[in-house]
J.: 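Before I ask anything, let me first share the structure, which is written out below as structure tokens.
In this chain, numbering begins with 1 at the start of the sequence shown. All heavy atoms count here, side chains included; hydrogens, waters and symmetry mates do not. Remember, predicted model here, so these are calculated numbers, not experimental data.
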Amino acid sequence: EVQLVESGGGLVQAGGSLRLSCAASGFTFDDYAIGWFRQAPGKEREGVSCISSSDGSTYYADSVKGRFTISSDNAKNTVYLQMNSLKPEDTAVYYCAADRRCHSDYDWGSWGQGTQVTVSS
């Protein structure tokens, strides 16, 4: 059974930091890409970042590049999203997703339940 569980969300003031975790079971990250997405109320889901275990490539949306860093611990089947210099517009539910490779659309094989990130002004 494939399962992805996000954690680390919460309430933080603008300029602060959070680290999100995505813990996987039922498969290993060695053969997969893990992406982070977010969705704010009334807005469509947005791709935030992705890491590919095949070649270690990382990708970032322009809106977060330079502020967010994605990393992985394959032995723990866990991917992290370090979020620094948070802005109120980063407020959203953050989801991780797994697929065979990074890609820009939202048709990923598995999704987590999401974790709420709220950034106050």
J.: Applying the 4.5 Å side-chain criterion to the ILVMFWY set and letting contacts propagate, would W111 and V5 be lumped into a single cluster?
T.: no

J.: Are Y60 and L18 co-members of a hydrophobic cluster defined by side-chain heavy atoms under 4.5 Å apart?
T.: yes

J.: Report yes or no: does S49 contribute a side-chain atom to a donor-acceptor pair with the main-chain N or O of Y59 at less than 3.5 Å?
T.: yes

J.: Between V12, V117, D90, which is the residue that forms a side chain to side chain contact (heavy atoms under 4.5 Å, CB included) with M83?
T.: V117

J.: Would you check if the side chain of S72 reaches a backbone N or O of V79 as a donor-acceptor pair within less than 3.5 Å?
T.: no

J.: Treating Ile, Leu, Val, Met, Phe, Trp and Tyr as nodes and any side-chain heavy-atom pair under 4.5 angstrom as an edge, say whether F68 and Y95 lie in one connected cluster.
T.: no

J.: Could you walk me through whether V48 and L81 pass side-chain contact (heavy atoms from CB on, under 4.5 Å), step by step?
T.: CA-CA 10 Å; V48 176; L81 185 68; 4.3 Å; yes

J.: What's the shortest heavy-atom distance between S21 and T78, and which atoms?
T.: CB-CG2, 4.3 Å

J.: Could you tell me whether the side chain of E46 reaches within less than 4.5 Å of the side chain of S63, counting heavy atoms only?
T.: yes

J.: Flag the pair W36 / C50 as yes when at least one side-chain heavy-atom distance between them is below 4.5 Å, and no otherwise.
T.: no

J.: Examine I70 and F37 and state if one hydrophobic cluster contains both, with Ile, Leu, Val, Met, Phe, Trp and Tyr joined whenever side-chain heavy atoms are less than 4.5 Å apart.
T.: no

J.: Looking at S52 and R101, would you say the former's side chain and the latter's main chain have a donor-acceptor pair under 3.5 Å?
T.: no

J.: If you take all heavy atoms of L4 and C22, which pair is closest and at what distance?
T.: CD2-SG, 4.0 Å

J.: For C102 and A33, which heavy atoms make the closest approach, and how far apart are they?
T.: N-CB, 3.3 Å

J.: Take atom CD in Q113; do more than 12 heavy atoms of anything else shown fall under 6.0 Å from it?
T.: no

J.: Would you confirm whether T115, through its side chain, and G9, through its main-chain N or O, come within 3.5 Å as a donor-acceptor pair?
T.: yes

J.: Show your working on side chain to side chain donor-acceptor pair (under 3.5 Å) between R38 and Y94 and close with a plain yes or no.
T.: CA-CA 4 Å; R38 65 188 183 186; Y94 283 71; 2.9 Å; yes

J.: Drop me the distance from R67's CZ to Q82's CD, to the nearest 0.5 angstrom.
T.: 12.0 Å

J.: Give the minimum heavy-atom separation between A98 and I34, together with the two atoms involved.
T.: CB-CD1, 3.7 Å

J.: If you compare all heavy atoms of V2 against all heavy atoms of S110, which two are closest, and at what distance to 0.1 Å?
T.: CG1-OG, 3.2 Å

J.: How long is the span from the CD atom in Q3 to the OG atom in S25, to the nearest 0.5 Å?
T.: 4.5 Å

J.: For S85 and S17, which heavy atoms make the closest approach, and how far apart are they?
T.: N-OG, 4.3 Å

J.: Cation-pi check, R100 to W108: give yes when NZ or CZ is under 6.0 Å from the six-membered ring centre and within 45° of the ring axis, no otherwise.
T.: no

J.: For the residue pair Y80 and D73, establish whether any side-chain heavy-atom pair is separated by less than 4.5 Å.
T.: yes

J.: Verify the distance criterion only: is there a donor paired with an acceptor across the side chains of R45 and Y106 at less than 3.5 Å?
T.: no

J.: Got a sec: does the CD of E44 have more than 12 other heavy atoms crowding it under 6.0 Å?
T.: no

